[in-house]
Every structure is written in C-alpha cells, then in structure tokens.
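Have a look at the structure below, then the notes.
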Amino acid sequence: MIKMERLGFTTYRLNPILNATSSSGMSPDSQTNIIGSTASSPYDDGLASPYSPHNSITSPIPTVPSNTEYPGDYGFEISFSQPSKETKSTTWTYSESLKKLYVRMATTCPVRFKTKNQAPFNSIIRAMPIFMKPEHVQEVVKRCPNHAVSKENNEKHPAPSHLVRCEHKSAKYMDDPNTSRQSVVIPHETPQAGAEWVTNLFQFMCLGSCVGGPNRRPLQIVFTLEKDNQVLGRRAVEVRICACPGRDRKADEKAALPQSNSKPVKGLGAKLTLSTEIMSIAKKRKHGDDSEVFNLTVRGRENYEILCKMRDSLELSSLVPAQTVEAYNRQKQLENQRQWLTNLVSQETKVKPRTKKKKLAAKPGKSVKKEYVIEESEDYGEFEIY
C-alpha cells in the first residue's frame, strides 16, 4: 500500500498483485467470470446467488416452454386419425385446416407418434399443457379444484390434479420442482411389424370453461421427444376440451372462412332479390346501345322453340316505350280487381233450393236423431238454424 499526501488530502493506492507466472493474458475481472474458477472473492458470503452460473441443469422444463415446431434430426411427428363416422356426438375430432383438436372431457383420444430415423434407446415422450396467450403463458395449467377433488375419474389415480393423462402402463406424472409445471411421460416405442405409427391414448380431465382451471383460455399440448433432459424433437397442437366437439369444430371452421359481401337469403327473399337483379339488368340492356350478337347452341327441337319465343318476347319488349308498359300494367291491375269483385258478389248471391226431410218416428228403445234445417232469410248472406 502506498500512502500519498497532496495539498492536505491523504489518499491510498493499492498495488496490483498479479501472478508473474500466469500464462493467461486475461484481466483479473475476466478471470473471475470463468465457470468453475476457484478464485476467492470478497463478496462470497457462502450464499448461492440466483444469477450465478449453474454447473448442471436441474430442470429440463424452462419457465416459458417453447411451442415451436421442431422435428429434429430424428424427424419426430404426431398425427390424429379421423374417426370412422364423424357426427355432432363424436368424442373427438381434428381439424386439418385449423390444426386444432376438439375432444370431450375424460374420453380417450388416440395420438400417433413416429420418427423417420431411429431414436436413441430409452428415449421418452413428454406431453405438457401450456396456455397460448402471452399474458397467461407463465401460469401453470392444472385441473380446476372442483374436478381435482371429485371422486369421479380420480379413484386410485396417482395424479388427480393433472389435466393430461395417458393410458400407458409405464406412464409417469411429473411435477417440476422449479417451475411447478405438470406433465406426463411415456417411453418412446418402435412401431409394430407392418405399422408406421405408435398409438397412445390420452385423456383431458377438465372442460375448457372450468373456473379455476383453463377458464376459457386457449390451450396447447406440447409433445417433446427427449433423452437425458435434452429435447430431440417437438410438436404442439391446440386443444379445445368441450361437450360437443363436432359442433364446435364446424362453428370454428365456418367462422374462419372469408366473409362474403352478399349474404344468402332464404325463401321468398331470394326470389325477390333474383327478380330485382334481372329487372335491373333488363333495364340496362333496354337503354343501352348494345348491338353485339351471340350464338347459343341448344340440344332438342322443343328447347330451341322455347328459346326462340323468349328471344322474340325480349325483342318486342325492348321496342315498347316505358309509359305504354306502365299504362298496360295499371289497366291489367284494374281488370283483375273488377274480376275479383264480380266473383265475390256472385258467391254471396247464389241461392240454394230448400230441401225438406221427413221426420222419422222414434222406435221404442232408440233415440231420435235431431235434424237441422237451414232457412234463408230475405237478405242474402243471413241464415237461421233451427
């Protein structure tokens, strides 16, 4: 230590202590950042810092799991075979256009796995649910408390709080001690003889609308192929757990279609719209100076004659002035009204002849049927029944 006094101020300067025999040209500050360095530090108080480097990875699951598609060097793939008969009451269905799985709660859904190249021995497949939206992705996906404590589907099960289950005899349910994320792990198997895929049955134990669980938040299931805590391949699929998978799939696919400008109208409205469009086209054709000629090929003599009549009618209608057409329509409407009134009066003034019926004497032990005679009064349209 060197003591220096200058203008009444006393300062101290430490001599740099360097190892003369060190072959490294690095500074002391850079040497202290080397992982595994045994150099002592004045700030080392024996407590592990959360920012200090780790010599070994204790958890294979990060805080925010990745959902990026990654087939890896072994070509890891998953697929869903469509049910033989898809109806609204089907237990599960997969939409190829939306890349989305629709499944009913607590029902088995077959998921198929394969690798293009032979995966390492003792590899595993992990299925872990995550939330899709950024504001929810850090939260752990669990079952709602209502279904987790219920006796239904939970008897003698090792993981009643897990959302995803697998009906594999070697399935293991993992709770990560660092991130608290839940997952199910099954061994990776090779396909049987003559088969391309390995099928495993999965179950989803909560509805997407359950409060305290998914709570209407979009879900994804991330399937990873792992070996010694290293991810060899990754696939992710969006899942909707609902009561009617077939109905919800059709509704989502319909909503995803591009919206057209004109909406279809059923019943009489469609006929009115069609007639309006035809009239507008006809008006444009009348007032236009279109003299272009077209040829139309027709099969059958009868069809040809019908089209000839239509052609003649169109040609004649184009020659009639608009005022004449309107006057003709008004005259035709008045004639129809007069004809309707004439028919109505003739029906009211029609008189039917009165018929007389003989009254039969009542036989002993039998009732006499009553007879009703209609008598017409002088005023037409009024009748009396007695």
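- Using a distance-only test at 3.5 Å, with no hydrogens or angles considered, no donor-acceptor pair links the side chain of Arg247 to the main chain of Ala243.
- Within the 4.5 Å cutoff, no side-chain heavy atoms of Thr91 are placed close to those of Val103.
- Across every non-hydrogen atom of Ala119 and Tyr74, the tightest pair is CA-CD2, 3.9 Å.
- In this structure, Lys250 NZ and Ser95 OG are separated by 12.0 Å, a value rounded to the nearest 0.5 Å.
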**Item:** salt bridge (charged side-chain N to carboxylate O under 4.0 Å, His left out) between Lys309 and Glu305, intermediate numbers included
**Value:** CA-CA 6 Å; Lys309 293 180 181 179; Glu305 293 177 354; 5.9 Å; no
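- Under a cut-off of 6.0 angstrom, the local environment of CD in Gln333 is sparse, with at most 12 non-hydrogen atoms contributed by other residues, nucleotides or ligands.
- Minimum heavy-atom separation, Thr179 to Val140: O-CG2, 3.6 Å.
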**Request:** Could you please spell out the steps behind the side chain to side chain contact (heavy atoms under 4.5 Å, CB included) verdict for Thr108 and Glu167?
**Result:** CA-CA 8 Å; Thr108 56; Glu167 294 186 358; 3.1 Å; yes
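- At least one donor-acceptor pair under 3.5 Å links the side chain of Asn117 to the backbone N or O of Asp73.
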**Prompt:** Do Arg234 and Thr68 pass the side chain to side chain contact (heavy atoms under 4.5 Å, CB included) test, and can you show the C-alpha distance, the side-chain angles, and the key distance before you say yes or no?
**Reply:** CA-CA 7 Å; Arg234 184 189 306 108; Thr68 306; 4.1 Å; yes
**Request:** Start with the C-alpha gap between Cys242 and Arg104, add the side-chain angles, then the distance that decides, and say whether side chain to side chain contact (heavy atoms under 4.5 Å, CB included) holds.
**Result:** CA-CA 5 Å; Cys242 51; Arg104 190 179 296 175; over 6 Å; no
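- The backbone N or O of Pro214 sits less than 3.5 Å from a side-chain atom of Arg217, completing a donor-acceptor pair.
- With a 4.5 Å cut-off on side-chain heavy atoms, Arg240 and Arg249 do not count as touching.
- Here the side chains of Lys142 and Arg181 are not in contact, with every heavy-atom distance at 4.5 Å or above.
- Although no hydrogens or angles enter the test, the distance criterion places a donor-acceptor pair under 3.5 Å between the side chain of Asn303 and the main chain of Arg299.
- You'll find the side chain of Trp92 reaches within 4.5 Å of the side chain of Pro110, heavy atoms only.
- Between the side chains of Asn154 and Arg143, at least one donor N or O lies within less than 3.5 Å of an accepting N or O.
- Following chains of ILVMFWY side-chain contacts shorter than 4.5 Å, one cannot reach Ile130 starting from Met205, and the two form parts of different hydrophobic clusters.
- Here the shortest heavy-atom pairing between Ser123 and Leu225 reads CB-CD1, 4.0 Å.
- Between the side chains of Ser161 and Gln182, at least one donor N or O lies within less than 3.5 Å of an accepting N or O.
- Pro71 is linked by a side-chain contact (heavy atoms from CB on, under 4.5 Å) to Arg235, counting only residues two or more places apart in sequence or in another chain.
- Between the CD atom of Glu238 and the CD atom of Gln220 there is a distance of 6.5 Å, given to the nearest 0.5 Å.
- With a 4.5 Å cut-off on side-chain heavy atoms, Gln138 and Val64 count as touching.
- Screening residues 204-237 for ring pair (Phe, Tyr, Trp, His ring centres under 6.0 Å) gives Phe113-Phe223, Phe202-Phe223 as the qualifying pairs, with residues at least two apart or on separate chains.
- His136 contributes atom NE2, which lies 8.5 Å from atom CG of Asn215 (distance to the nearest 0.5 angstrom).
- The shortest distance between side-chain heavy atoms of Thr199 and Val111 does not fall below 4.5 Å.
- For Gln192, the CD atom sits in a loose shell: 12 or fewer heavy atoms of surrounding residues, nucleotides or ligands are nearer than 6.0 Å.
- Between Ser79 and Trp197 the shortest side-chain heavy-atom distance falls below 4.5 Å.
- Side chain of Ser346 to main chain of Asn343: a donor-acceptor pair is present (N/O by atom type, distance under 3.5 Å, no hydrogens or angles).
- Around CE of Met105, the count of heavy atoms belonging to other residues, nucleotides or ligands within 6.0 Å exceeds 12.
- In this structure, Met128 is not a member of the same hydrophobic cluster as Ile78, with clusters built from ILVMFWY side-chain heavy atoms closer than 4.5 Å.
- The side-chain heavy atoms of Leu98 and Asp252, taken from C-beta on, include a pair separated by under 4.5 Å.
- No side-chain donor-acceptor contact under 3.5 Å links Glu226 to the backbone of Leu232.
- In terms of heavy-atom proximity, Pro245 sits nearest to Thr93 at O-CG2, 3.9 Å.
- Of all heavy-atom pairs between Gly213 and Cys144, the closest is N-CB, 3.8 Å.
- The distance from atom SG of Cys109 to atom OH of Tyr94, rounded to the nearest 0.5 Å, is 11.0 Å.
- Judged by distance alone, with hydrogens and angles left aside, the side-chain atoms of Ser150 form no donor-acceptor pair with the main-chain N or O of Asn146 at under 3.5 Å.
- Val222 and Leu101 are members of different hydrophobic clusters when ILVMFWY side chains are connected at heavy-atom separations under 4.5 Å.
- A chain of hydrophobic side-chain contacts below 4.5 Å, direct or via other Ile, Leu, Val, Met, Phe, Trp or Tyr residues, connects Ile306 to Leu296.
- Contact record, Ile125 with Phe76: CD1-CE1, 4.2 Å, taken as the closest heavy-atom pair.
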**Request:** Begin with the C-alpha distance, continue with both residues' side-chain angles, and end with the deciding distance and a verdict on salt bridge (charged side-chain N to carboxylate O under 4.0 Å, His left out) for Glu196 and Arg112.
**Result:** CA-CA 9 Å; Glu196 183 182 3; Arg112 304 189 301 177; over 6 Å; no
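- Arg126 and Ser183 are linked by a side-chain donor-acceptor pair at a separation below 3.5 angstrom, with hydrogens and angles left out of the test.
- Look at Glu155 and Lys151 and you find no salt bridge, because none of the NZ, NE, NH1 or NH2 atoms lies under 4.0 Å from a carboxylate O.
- Note: Gln331 CD to Glu326 CD = 14.0 Å, rounded to the nearest 0.5 Å.
- Distance check, rounded to the nearest 0.5 Å: NE2 of His147 to CG of Leu163 gives 11.0 Å.
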**Message:** Would His188 and Lys227 count as a side chain to side chain contact (heavy atoms under 4.5 Å, CB included) here? Give the steps.
**Reply:** CA-CA 10 Å; His188 174 263; Lys227 170 66 175 177; over 6 Å; no
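- Judged purely by atom type and a 3.5 angstrom limit, His162 has no side-chain atom pairing as donor or acceptor with the backbone of Val164.
- By the 4.0 Å N-to-carboxylate-O rule, Arg311 lies too far from Glu315 to be salt-bridged with it.
- Around CD of Gln337, the count of heavy atoms belonging to other residues, nucleotides or ligands within 6.0 Å exceeds 12.
- Note on Leu219 and Tyr173: same hydrophobic cluster, where clusters join Ile, Leu, Val, Met, Phe, Trp and Tyr whose side-chain heavy atoms are under 4.5 Å apart, directly or indirectly.
- Counting non-hydrogen atoms of neighbouring residues, nucleotides and ligands closer than 6.0 angstrom, the NZ atom of Lys172 reaches no more than 12 such neighbours.
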